[in-house]
Amino acid sequence: MAELVQVIVDVPTMQTNRPYTYRVPEHLERQVQPGMRVMVPFGRGSREVQGFVVAVDQPGEFDGDLKDLAGVMDLSPVLNDELLKLAGWLADQTYAFKITAFYTMLPSLLKAQTTRLVRLVDEVDEQTRLALFADQDELDLAKVQTDPLALSQLMRLRRAGKVVIDYRVHDRARAKQITTITPTLSFDDYEGERLGVLKNAHAQRNLLDYLQSLAGKTVPLKQAQEESGLSAATFTTGAKRGWLKKGQAEVYRDPSGALPTSPTAPPTLNQEQAQAVKRINQATDQRTAETFLLQGVTGSGKTEVYLRAIERALANGRSALMLVPEISLTPQIVSRVRGRFGKQVAVLHSGLSNGERYDEWRRIKRGEAKVVVGARSAVFAPLDNVGLIIMDEEHESSYKQDDAPRYHARNVAKWRAAYHHAPLVLGSATPSLESRARAATGLYHRLTLLHRVNQRPLPPIQVVDMKREVQARGETNYSLPLLNLLTDRLNKGQQSILMLNRRGFSSFVMCRDCGYVPKCPNCDISLTLHMDSRSLKCHYCGHEERIPNTCPNCQGHRIRYYGTGTEKAVAELQTYLPTARIIRMDVDTTRRKGMHEKLLTKFGNHEADILLGTQMIAKGLDFPGVTLVGVLNADTGLDLPDFRSSERTFDLLAQVAGRAGRADEAGQVVIQTFNPDNYVIQLARAHDYERFFVQEMNLRKLGAYPPYYYTVRVMGSHPDEQMAARVMQAVRQELVGQLDSQTIILGPTPRAIARLKNRYYYQIVIKYRHDPALHARLTAIMEGAQQQFDRETQVMIDPDPQYFL
DNA sequence: AGCACGCCGACT
DNA sequence: GTCGGCGTGCTC
């Protein structure tokens, strides 16, 4: 009996989201293993697609005629047993296609490209042939895809059987190759050769000298040229004479380039740090998949705890994974890890080219790198024998991927930690409520760092009431207290950072007199501004009302669409402080690659006095010269129509406050707000995360929000708005009555951005505590959506969404 | 996704 | 009568 394999093909639809059985042709027998990429014929015609082998020699249920594998693309599996299992779990948990899960775990170069080539197989009249094919007998279909006339002509020819379309799958993954040279003769033989060379052939004599100096060693051609000062042509001549052999060698592209690895002496730990390290290392040694919540104020030395824990994992002969949010994956942190662990470190971040990413991935896979530092997708790094997983700034929302597969790196990290019996360390100064709550119930082990390493207290925070400022001085972004402090710092030659919170720009309205923001009467969530209909909508329950002309609270007339741009803010500031050198940092000024670093370096070199920017300046920066931090508009994030807006604002304020006075000089923080009495502002001012946690938990309990309830968002889209609404109505019908009595189904409601790319979006939000039936029902909805509705219908499911916009 | 099969309107 | 429109079903 022929050998059989089960293959998941690269055709991302629900109908093909299952393994297909193929026969292994004789010449490939016993070579195909699970986790390898293969090429398989799929469908009628000569279509060929890439697929992943998920099982070998297990007969499937299919009893029709089987096709043969067309070929294997890998010599060894690209996905090991662990990652194959993980992919299955991931696809199931996130309602994603298995093929999407596979590709998510691999560097993008391993996604094959298919080209469609049109080939002439029969006589075609000369004119048509010349018009379409010019003088070629093959034509890349992608090149005429945009030409409807040529396309229809080709289709006609195809129906007439005069042309066929060939599918070619090709792998884009290429190891970088360099040319090398190897001496072929012995020292004495080279002396002999010297006799046969003309006296004035200096280059060849020098080449002989150089080859002798190599003593048989293989070196890259480029290096040989540099060392000998000879041209490539000389080496070619040498090869012709049999003096040397040219070869090819695989090398890694080096993304670290000239990045300095600064081996620094590890600082001594304070008592809290030592205690935390001890507990984590115990778990590492005993191989317990325990989850730790390392809660430490800014500057308390969490990173040093991570490094010590990694050290232990390595000492035990195991590997370590360290996740950081993309935004804080700065050269600073990378060089710190490199400084400690040197070449064993691989770094994965969005700044790498596809080739560099592929090379780092191969270094990890071959076991050459034992420590991986990277952003979200690095959680899939092909490390073996993981001894420790660290997730820094675990509350960051960027750990959740917002397209398919909609996974949260924290959940994946937990899965892998359990698989490897390794501890998981979640670190943060302001943990997510979910994690902090789990630590409270004992599900996670909480470790605290209450003291800053430099013994300095956290900077004092002054809250300025902008209502009064605006009443007294008219519209402005800058209060007098802030301006006075800025002037003071300018005079002392010290630096300041100003943050303009742009989150939710113009997406809600607020009264400039009393700070009132319209809220939904049913949901107690701020209403979203819809300019197209000039209305305010709640997209939890669908409530809609007109934009008020006067404030319902104070009857004032100054209702504004809230939001202000950095450009305007800089211009205004310059009128107050004409001599100040100001750097503006926002998406506009940092769009070009490298600009982010360039502006920061400039500021770090004290080439400017004030850095004014959006959220992006809040994270990971460490400028000793900064003694003043101002938040121009703390409210903007506060009143977003999102139950997490308070949590995010608190995190952000805590984060920026940590930017002030990190070195010798004491720092100061000013928060400007229209809601000075708001509990978020007040507790941020007091640096009191724990009280914020308690208070916010109460509100979440009252509103039936996470972490008391889990949430799932089901989105449906369609080019026709009526249809989109109808689809989601039908989805609701399939859920109603099937779920737990405590489960709440909200909607369907149109999304805040109702139309995107000419599709209309409606969504349902499900809140539940414990609902064993829900997962299966949602999977069934995904699977049935295609048959039940027309082809234009798209249904997406987002478990634990971070945003509901 | 992409292709074939199949059932209805405007043309040689 | 046929060419070709796109609705529906299937791909090992």
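Quick note on labels: first sequence line is chain A, next is B, and so on, each numbered from 1.
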>> Could you go through Gln31(A) and Met36(A), starting from their C-alpha distance and side-chain angles, then the distance that decides it, and tell me whether this counts as side-chain contact (heavy atoms from CB on, under 4.5 Å)?
In response: CA-CA 10 Å; Gln31(A) 289 178 54; Met36(A) 280 182 174; 6.0 Å; no

> For the side-chain hydrogen bond (donor to acceptor under 3.5 Å, both in side chains) test, which of His718(A), Gln729(A), Glu721(A) pairs with Tyr762(A)?
Replying inline: Glu721(A)

>> Without decimals, in angstroms, what is the distance between Phe42(A) CZ and dG2(B) C1'?
In response: 10 Å

> To the nearest Å, how far apart are Arg18(A) CZ and dT11(C) P?
Replying inline: 7 Å

>> Taking the six-membered ring for Trp, are Phe42(A) and Tyr20(A) closer than 6.0 Å centroid to centroid?
In response: yes

> Is it true that a side-chain atom of Asp790(A) and a backbone atom of Thr793(A) form a donor plus acceptor pair closer than 3.5 Å?
Replying inline: yes

> Can you tell which of dA1(B), dA4(B), dG2(B) lies closest to the side chain of Gln15(A)?
Replying inline: dA1(B)

> Base, sugar-phosphate, or nothing: which does Pro41(A) touch, judged by heavy atoms less than 4.0 Å apart?
Replying inline: sugar-phosphate

> Whole-Å distance between dT8(C) C1' and Phe789(A) CZ?
Replying inline: 17 Å

> Rounded to whole angstroms, how far apart are CD on Gln50(A) and P on dT11(C)?
Replying inline: 22 Å

> Looking at the rings of Tyr407(A) and Phe380(A), which for Trp means the six-membered one, are their centres under 6.0 Å apart?
Replying inline: yes

> Hey, is Tyr20(A) doing a stacking thing with dC12(C), by the 5.5 Å centroid and 30° angle criteria?
Replying inline: no

>> Output the rounded distance in Å from CZ (Phe62(A)) to C1' (dT11(C)).
In response: 9 Å

>> Can you tell me which nucleotide in dT11(C), dC12(C), dA4(B) comes closest to the side chain of Arg44(A)?
In response: dA4(B)

> Hey, does Asp790(A) reach any base, or is it just sugar-phosphate, or nothing, if we go heavy atoms under 4.0 Å?
Replying inline: nothing

>> Using the side-chain heavy atoms of Val11(A), tell me which of these nucleotides is nearest: dC12(C), dG9(C), dA1(B).
In response: dA1(B)

> Between dC10(C) atom P and Arg791(A) atom CZ, what is the distance in whole Å?
Replying inline: 12 Å

> To the nearest Å, how far apart are Met14(A) CE and dT8(C) C1'?
Replying inline: 20 Å

> Roughly, in whole Å, what's the span from CG in Asp10(A) to P in dC12(C)?
Replying inline: 15 Å

